[in-house]
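The structure appears right after this line, and notes come after that.
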Protein chains: 2
Amino acid sequence: NSDLEKEEIKEKLEDYHDNDIAQAFEEVTPDVRKKLISLMDEEQISDIFSYIEDLDLYLEEMDMHSVARIIENMDADDAVDLLEDMDEEVQNQLIEMIDDESKEDIRLIQSYEDDEIGSYMTTNFVSIKEDSTIRQAMKSVVEQAGENDNIMTIYVLSKEDTFCGAIALKDLICARQNDALEDLIVTSYPYVSDREKISDCIEWIKDYAEDSYPVLNSEMKILGIITAQDIIEVVDDEMGDDYAKLAGLTAEEDLNETTKQSMKKRLPWLVALLFLGMLVSSVVGVFEGVVSKVAIIVCFQSLILDMAGNVGTQSLAVTIRVLMDENLSGKQKIGLIFKESRVGLCNGFLLGSLSFLFIGIYLIVLKGYDVFHGFCISGCVGIALLVAMIISSIVGTIVPMFFHRIKVDPAVASGPLITTVNDLVAVITYYGMAWILLIELFKFY
Amino acid sequence: NSDLEKEEIKEKLEDYHDNDIAQAFEEVTPDVRKKLISLMDEEQISDIFSYIEDLDLYLEEMDMHSVARIIENMDADDAVDLLEDMDEEVQNQLIEMIDDESKEDIRLIQSYEDDEIGSYMTTNFVSIKEDSTIRQAMKSVVEQAGENDNIMTIYVLSKEDTFCGAIALKDLICARQNDALEDLIVTSYPYVSDREKISDCIEWIKDYAEDSYPVLNSEMKILGIITAQDIIEVVDDEMGDDYAKLAGLTAEEDLNETTKQSMKKRLPWLVALLFLGMLVSSVVGVFEGVVSKVAIIVCFQSLILDMAGNVGTQSLAVTIRVLMDENLSGKQKIGLIFKESRVGLCNGFLLGSLSFLFIGIYLIVLKGYDVFHGFCISGCVGIALLVAMIISSIVGTIVPMFFHRIKVDPAVASGPLITTVNDLVAVITYYGMAWILLIELFKFY
């Protein structure tokens, strides 16, 4: 490697994709890394560094001035992410050292909460004036393109610098010199506002399938843009969150956390669930008398509770997905509840019959019950299963709708409530019926 | 509306974003829709129609020739989606009526399986020859841009028409006339191959954060591209799938399905779970003798099973997420298992102590047990909870790793297996300990 001329290495590096170089960086020794970095200009290094995750490790190998130059060249949102991983002291030192324009951009993005659109935006975009000619516009885009590489959509500003539309670069390139710029502008181009929550507009934004969207402040001035790549990131993060939410973790976990950090994220829900579980237990306690007389029915408690839980989770999954995708009218909501209860009824009838049959046979053949007695017990199981599945379907649909209505994330809140309600319903139905049917009516015990 | 001149409406329409017009289309009457459509050219209609979901309804209002022209103007992948929703007969009629180039593109995309990259690609891209000058390249891009609007990245072909790199449009625009085109080409630009499965390369692709990726066949010829918008769609679909998978649905559901369709998607898992549940029941049946003697311990069975389930789901969620994001070495995997069991031990110890205390007090105060007796029973609950939580954590980590190893989607397969194993472990521990401690050792009964 060291035999090749520097120029040659430099040229070779330019042929590679920045992400590949970034990955190579993670594998070579600090010495090689230093040498490679010394061969590249700051812009190139910034581009490569935007692909590296644990960047702070590499920056420690470099002097503060180079780091400041690199940060200047990064997109402001990437720079903010990077700074956030550093010590506060280093952070402040670095911010002092970078130029005013970058500093301003970074301060702007840092001023937003994590869930606000503003914190996701980049100031890397190009804009032109409404009253330009095609030729002026093209020249201005070429000038700005050196610094800002999101040129697919060009934003158009009015005389007062407010946002008044967008032009696709393609249209500008294909336009004839004498066309009016005005005719190319899409004036009702979708935009978002800086203080909006990302979760509130992500679904809406996605529908437009554009490469970028302008972020406006309350005076309709354009502060930055959100790119398709930002949206991929947000959707991707949401996906990780789904699992975390359904499992009752307060935040996503990663590989390198300490046991204590992990416990902190998991304990809150577990403790809540423990006490909800104790509530269910005390209700079962009411039926202690029934249990002591008909011990065999205890065997099937777990079956009924598990099935109720499974059915409830299915309804929950369907409902959350539907709520996420569409704005339902009241009529559609009631329709969904009816549909879910219909599905619950049909599935419950099938599974109830199956368990009536199989459990009856199991009791008669393996446990030595007589036919009437065996099928009475399995009948209790079958009917309890049917009732539990219908009610679980309804609960699994109504509860997330309720949370959605009061603007609480249904994926987080619904799980434990549904489990508890379903457990209670299932237990009361099952033991209640066993008591009425087996003890009071047929007087088996 | 009808008072305005046609030209005026036409101009107004051009100011709006295609997605907004698409949405307006869904709200107006068929008559108004017809009038609006008659004012627009086919390309514009195609653009608007690419935003409409239930397009087949509108196409029924139009004559076949117009539909064929519109399909010609659509991106080939959108056209395929649209054709798939139609009757086979109509489909064949339409395909006959469209021009050869579009027909070929559509046939190509239709030749791939749903999960292959090829079925997601679009033939809407621009390419230039390796040996062009900057000026020739720019001219060629402008010519192609009229038909193909994904111009952000320009693909470079060798003399033999094989893929040999990509140029960012920005670099081409900013280049000087005399620069060598060769210097602008990123020769190691990432690509995917047409027969690859989308799920296998989506994580890898996302890392490059490019606007599009070329799709190559086995001869390195470029067939089409995958855009950032395609990736957003895939990631988005995956997200819906997550919920569906964890809930044991065989596919995502939507609002307008019949009860029968929904049942079909839900029943397979439910039946499987029913029989697994029966297995657990028959194990509980072994302990019938213990239950009939110490009826009170039944109350806490649901508590222990639910908590084991919750802890297992948390470990599952963390493990699936980690497996999805990273390629773990064997050492890291063992590290994760140890970490999870440590977290399970600590949380189990805390929750076990809590339930020992609270359940003991509940039994003594509300159920009239003496202190020693009460705390013996709650001790059984506490210890069973601790053991169940440790084992659930380990099972919740190992099972998804196993499925990941044998290339089965861990999110689909893990849930039921983990629930069953955990239920079995929890039931055996709990009743086993109650039997040894309460009946054999202290001889309470």
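So you know, we letter chains A, B, ... as the sequences are listed, proteins then strands, and number each from 1.
In plain terms, the two heavy atoms of A/L303 and B/L274 that are nearest each other are CD1-O, 3.4 Å. Scanning both residues, B/Q301 and A/S302, for their nearest heavy atoms gives NE2-CB, 3.5 Å. Looking at every heavy atom in both residues, A/K206 comes nearest to B/I232 through CD-CG2, 3.7 Å. Here the shortest heavy-atom pairing between B/A145 and A/K170 reads O-CE, 3.0 Å. Summarising the geometry of B/L270 relative to A/M389, their closest heavy-atom pair is CD1-CE, 4.2 Å, with the distance given to 0.1 Å. Taking every heavy atom of both residues into account, A/E210 and B/Q229 meet most closely at O-NE2, 2.7 Å.
Looking at heavy atoms from C-beta onward, A/M152 lies out of side-chain contact with B/D211 at the 4.5 angstrom threshold. Between B/R266 and A/V318, the closest side-chain pair of non-hydrogen atoms falls below 4.5 Å. Residues B/L305 and A/L305 have side chains not in contact (no heavy-atom distance under 4.5 Å, counting atoms from C-beta outward).
When the candidates A/V343, A/D423, A/I359, A/V280 are compared by the number of heavy-atom contacts under 4.5 Å with chain B, A/V343 comes out ahead. Among A/L366, A/V286, A/T187, the residue with the largest count of heavy-atom pairs under 4.5 Å with chain B is A/T187. Of all the listed residues (B/G309, B/S355, B/A295, B/A22), the one sharing the greatest number of non-hydrogen pairs under 4.5 Å with chain A is B/A295. Here A/V142 is the residue among A/N148, A/V142, A/I304 with the most heavy-atom pairs under 4.5 Å with chain B. Top candidate by heavy-atom pairs under 4.5 Å with chain A, chosen from B/G335, B/A228, B/A209, is B/A209. With chain A as the partner, the residue from B/S188, B/G277, B/G165 showing the most heavy-atom pairs under 4.5 Å is B/S188. Chain A forms more heavy-atom pairs under 4.5 Å with one residue of B/V298, B/V283, B/L184 than with any other, namely B/V298. Chain B forms more heavy-atom pairs under 4.5 Å with one residue of A/P190, A/G312, A/G344 than with any other, namely A/P190. The candidate from A/A166, A/A168, A/C346, A/S292 with the greatest count of non-hydrogen atom pairs under 4.5 Å with chain B is A/C346.
For A/L276, no part lies under 4.5 angstrom from a heavy atom of chain B. Only the side chain of A/L350 comes within contact range of chain B, judged by heavy atoms closer than 4.5 Å. For A/T227, no part sits under 4.5 Å from any heavy atom of chain B, backbone or side chain. Within the 4.5 angstrom heavy-atom criterion, atoms from both the backbone and the side chain of B/F300 approach chain A. Only the side chain of B/M307 comes within contact range of chain A, with heavy atoms under 4.5 Å apart.
Checking B/D20 against A/Y208 by side-chain atom types alone, a donor-acceptor pair falls below 3.5 Å.
The ring-ring contact (aromatic ring centres under 6.0 Å, His included) test applied to A/F287 returns A/Y431, not counting sequence neighbours.
Atom CZ of A/F338 sits about 12.0 Å away from atom OG1 of B/T259, to the nearest 0.5 Å. The line from CZ of A/F275 to CG of B/L351 is 9.0 Å long, rounded to the nearest 0.5 Å.
Looking only at distances, a side-chain donor or acceptor of B/S281 sits under 3.5 Å from a matching main-chain atom of A/C299. One N or O on the side chain of B/K367 and one on the backbone of A/G285 form a donor-acceptor pair closer than 3.5 Å.
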Practice prompt. Under the side chain to side chain contact (heavy atoms under 4.5 Å, CB included) rule, what do A/L273 and B/D306 come out as? Steps first, then yes or no, please.
Written response: CA-CA 8 Å; A/L273 288 164; B/D306 281 356; over 6 Å; no
Fill in: Intermediate values then yes/no, side chain to side chain contact (heavy atoms under 4.5 Å, CB included), A/I151 and B/I173
CA-CA 10 Å; A/I151 53 171; B/I173 289 181; 4.3 Å; yes
